[in-house]
Amino acid sequence: MPMSINNRHKVSDFASRVYELTSKVPKGKVTTYGRLAALLDLKKGAQAVGQALHCNPFAPTVPCHRVVRSDGDIGGFAFGTDSKKKLLKSEGVEIINNKIDLSIYCVK
DNA sequence: CGTGTGACTCGGT
DNA sequence: GACCGAGCCACAC
């Protein structure tokens, strides 16, 4: 596990796990808050996951823009949903009517 | 230790 | 489709 995900400033273990998982999402694909929560055995902790990402101190390191809502909605983004949309678009993710194409969900 | 809050989700209206 | 309320979880106060 990459140490660079937890040094600098101390973050909660929970947040570290979230960042680590998020950093594994391949370019061009996306995952959901709920999916990350499930991988952390917190199947109902999607909101907690979102909170961890909001405080994401590794903005460029952790591709938090590849995390969207379960219904395909953009979700949120510390720098504005507009930036999030553009980033995804530049990675090849289709965004239609403010919704992510559910067919490119990362299945891991 | 109790409360409030939020980049969530689901089901009902 | 939009709005609302309830349930869940980590975290700041």
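Throughout, a chain's letter reflects where its sequence line sits, starting with A, and its residues are numbered from 1.
- Taking the side-chain contact (heavy atoms from CB on, under 4.5 Å) definition, one finds that Asn97(A) meets it with nothing, sequence neighbours left out.
- Nucleotide dA7(B) holds its P atom 11 Å from the CG atom of Leu53(A), rounded to whole Å.
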Give me the distances for all protein-to-nucleotides 10-13 of chain C N/O pairs that come in under 3.5 Å?
{"from": "dA10(C)", "atom 1": "N3", "to": "Gln51(A)", "atom 2": "OE1", "distance (Å)": "3.2"}
{"from": "dC11(C)", "atom 1": "OP1", "to": "Ser12(A)", "atom 2": "OG", "distance (Å)": "2.3"}

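- Nucleic acid contact for Gly76(A): base, since at least one base atom lies under 4.0 Å from a heavy atom of the residue.
- Between Arg17(A) and Asp13(A) there is no salt bridge, since no side-chain nitrogen of the basic residue lies less than 4.0 Å from a carboxylate oxygen of the acidic one.
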(request) Any chance you could lay out the side-chain contact (heavy atoms from CB on, under 4.5 Å) test for Asn56(A) and Tyr19(A), step after step, and finish with the verdict? (result) CA-CA 8 Å; Asn56(A) 169 22; Tyr19(A) 303 144; 4.0 Å; yes
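- Note: Phe77(A) CZ to Leu53(A) CG = 10.0 Å, rounded to the nearest 0.5 Å.
- Taking the ring pair (Phe, Tyr, Trp, His ring centres under 6.0 Å) definition, one finds that Tyr33(A) meets it with nothing, sequence neighbours left out.
- Spacing between atom CG of Asp73(A) and atom P of dC3(C) amounts to 12 Å, rounded to whole angstrom units.
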All N/O contacts under 3.5 Å from nucleotides 9-13 of chain B to the protein, with atom names and distances to one decimal?
{"from": "dT9(B)", "atom 1": "OP1", "to": "Ser70(A)", "atom 2": "N", "distance (Å)": "2.9"}
{"from": "dT9(B)", "atom 1": "OP2", "to": "Ser70(A)", "atom 2": "N", "distance (Å)": "3.1"}
{"from": "dC10(B)", "atom 1": "OP2", "to": "Ser70(A)", "atom 2": "OG", "distance (Å)": "3.0"}

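- Here the OG1 atom belonging to Thr22(A) is positioned 9.5 Å from the NZ atom belonging to Lys24(A), to the nearest 0.5 angstrom.
- Members clustered with Ile96(A): none, using a 4.5 Å side-chain heavy-atom cutoff among hydrophobic residues.
- The distance from atom NE2 of His54(A) to atom C1' of dG6(B) is 9 Å, rounded to the nearest whole Å.
- Nucleic acid contact for Cys64(A): base, since at least one base atom lies under 4.0 Å from a heavy atom of the residue.
- Counting only residues at least two apart or on different chains, the salt bridge (charged side-chain N to carboxylate O under 4.0 Å, His left out) pairs with a member in residues 52-81 of chain A are Arg66(A)-Glu91(A), Arg69(A)-Asp71(A).
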